[in-house]
Amino acid sequence: MPESSTQLIVIGAGPGGYAAAFYAADRGMQVSLVDPEPNPGGVCLYRGCIPSKALLHIAKVLEEAHHAEAWGISFGAPAIDVDKVRAFKNKVVTQLTGGVGQVGRMRKINYIQGRAAFRDARTLDITRTDRDALDTLFFEHAIIATGSRPSTIPGLTIDSPRVMDSTGALDLPDVPKSLLVVGGGYIGLELGTVYAALGSKVTVVEMTNGLLPGADRDLVNVLAKRVNAICEAVLLETKVIGLKDVKNGVSVKFEGKLPEGMPAEKTFDRVLVSIGRRPNSAIPGLERTQVKVNQRGFIEVDPRRGTAEPTIFAIGDVVGEPMLAHKASHEARVAVDAILGERVAFEPQAIPAVVFTDPEIAWCGLTESEAATQKKEVTVTRFPWGASGRAITLDRTDGMTKLVLDPKTSRILGVGIVGPGAGELISEGVLAIEMGANATDLKMTIHPHPTLSETLMESAEMFFGEATHVYKPRRKQG
Amino acid sequence: MPTEFKLPELGENIAAGDVVRVLVSAGDTVTRDQPVLELETDKATIEVPSTVAGTVKDVRVKQGERVKVGQVVLTVDDGGAAQPAAAAPAPVEKQTDAQPTDKPKSQPAGAPEEGGLSQAEPGQAAKSAEPDSREAADARQQKPRGEVVDISRGARSAPALAPPQPAPEPEAEGPAAAAAPSVRRLARELGVDIRRVTGSGPDGRISPEDVQAYVKGVMTGGGLPGTAAPSQPLPDFAKWGEVERKPMSNIRRKTAEHLSNAWNTIPHVTQHDKADITALEALRKQYGPQAEKAGGKLTITAIALKVTERAIRRFPQFNSSVDTARNEIVFKKSIHIGIAVDTERGLLVPVIRDVDRKGIIDLSVEVTKASDKARAGKLSLEDMQGGGFTITNLGGIGGTAFTPIVNWPEVAILGISRGAQEPVWRASESEAGGGRFEPRLMLPLSLSYDHRVIDGADAARFLRWVAEAFEQPFVLNL
């Protein structure tokens, strides 16, 4: 059995793991990175953010081509070659993962394709998948970045190729005539949008009383209108209580607030189950270390991302919500800095969340509903995109930009945006919050015209009742 | 649940005090650090700050009463509404000044506009009712506070990485600090709870300079940020004639820093005395050749080393240090004495080790060697560390007295000026009323000491003992 040693081993090469490995190498450490895939990338690059965005881009082009009829441009009905669409998506994944693998090799990172098991707090047994071998690796520090996987509906899992999780849906086996999306969260809505654009009749079923639980309703309402328009049906406050593989489809039993005339049992060509993700904390041998896993399956970490075992750190989805790639890669740097002996902590003021639907929804910092739950006094300003020149030129005036502010200091506590490009616009809000900026800072920063980013500046102006393109008289003083 | 506030440790040797005035009464709201009691102790009248926050339930002491350390002074109710402290009007004027972040600022924005917006958006949070805003303030305080505690615990639980933090439990109130991520990182590196730093920017935004000023304030013992006077800009000296600017040498900078720190930290007093060294001078000349043979020079400094060492044995507090963080005095069992050496590069203080185990001849050799080494620039850092007391002899140059600065963390320094023939009155023993002036060689001695650990009477006794030992070297062995 070959034995070797490393200063740092990173387990899992997703956007948390490879960011940790690369940064540690840049800081002069000797680093190994272990993952079952041939290249770094993890769920995000192979089966998540990246392939879904490739498909969403295609959906957007289809939608805009359709929209163009309103402007006097007609392309006719699209001819969709699913194999080519799939090939484009696969090319995106191969190109990006290959590129990341390349920059890893340039950093002299020892990339091991395989699976790791803890022998103790300083030793890993690695089963290599690229060649049939079991290696022993001694390490000074380890960073666990094993990520998460799709949850399944308890008691309802059936073994049918027609019932897919997000991974299966991204494989794009075909364009089903009818698709049921179970779960109205961001994964379900993004993939539902893709299939709807490609021609599927999509039904969304959500247990709670609204789509995207956790996001502010005023933002979600804008998206919901669109989702309702492109979907066959959106079933809220409804549960799936039975799944059965039948000839030519999956028979689904519902329970809850069904619209009139809708039967409680219906057959769909395919079903996408997207009800959330579970942490991958069942790492073999983890019980031989002092690492603690909580009831929800997350590895417990301190603010430095250290576990209860001094040699082992953990980052990303496996340590807790929000399960987002950019949170993981930020934590990666904190963990590496901590291992290098620096006094650091994971203490972001804002973690942006983006839903890449059409329109996009993005928010960061304090949401209005959080403020209400915390009984925190805030001022909220909303700038309607109907007043944005750029939005009008795009013929997309359904968007909105909102700020959640401290009423006394006008400090920006939260930002929410709905509309095309919201995901790109939100970064300014994150920076404003991290810098402790107030409404004056934002309104005094010159924004380029005509762009959607002006809506951020104008929503700051609204705090003072003086937005250029919205007339809202100041309330009389006293 | 009511919380008891007990009279805390007030200082060295203070076990109790008489209540001069009670500054709060039942029903008042107190905040942390708010003075609640004026207490007269043996040393001084002091204001006793509260360590608890809440509504005063009952006050258990009254004017004129003697209160012991540990005795319950008052109880507060902090249940339910948690700590409305900051948001509530503070009964003592000083308090309101101490909490600027929670005072409604006369921001040009603020409430009126907020009301206007809320009106325009019915159903959205409009909160102006007093209780609500209080609760909001609570929520605002509590959440961040919890986070901070977590973070610092995390840092502390990592023995390999962070030294024990001298800072007390973070307890700063108010919303999360408005500071950029880089500034928060800087504060963490310096072990500063960012919430304790007062920001000088708009709406209290914290700059890197604010963090540095805070650290400086704490280091110089003031403990209060912002009390360190910012260095005033210099006038343009060139207006009045030619000037030349030279960079401060490393030694000069260190000396400046070290002495400012000592001067700011230590309450200095200087005691002056004179020793009759007429007899000693004869002995010094007599034994001089012996010392020279051994490679030394029998100077007053060498003899002073021996005298001081013997004095320290009788007065051990002169070889101690103050640990303010732990409210302890550190008594050193070994006697290492530094001697100030004037060199071309600046003031250097080599330390002579184990003075108590060496004879005067040996010491004279060591002093000569150390001075030569200092002047040659060959002292190592180690040669200058670990002193418990310092002797500085300016006698070679002149002067009748001076006030040396204690070489922190030591607590006393002996200054020696130039010995001179002086008329000393000698009363005649045989003839009543008779007597005459005698020329005696008198050595001026100046002892500066840290009044926190050394009382004036003890300093006078110490210096008298030293003077007598110079006069009658015989007493050295008594």
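We name chains A, B, ... by the order of the sequence lines, and we start the count at 1 in each one.
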*Can you name the ring pair (Phe, Tyr, Trp, His ring centres under 6.0 Å) partners of A:H326, sequence neighbours left out?*
none
*asked:* Is B:L190 in contact with chain A via its backbone, its side chain, both, or neither, using a 4.5 Å heavy-atom distance?
replied: backbone
_Shortest non-hydrogen separation from A:E347 to B:R184 and the atoms involved_ = O-NH2, 3.3 Å
*Which distance, rounded to the nearest 0.5 Å, do you find between the CZ of B:R205 and the CE of A:M435?*
7.5 Å
*Could you pull out all residues at least two apart from B:R185 that satisfy salt bridge (Lys or Arg N to Asp or Glu O under 4.0 Å)?*
A:D337
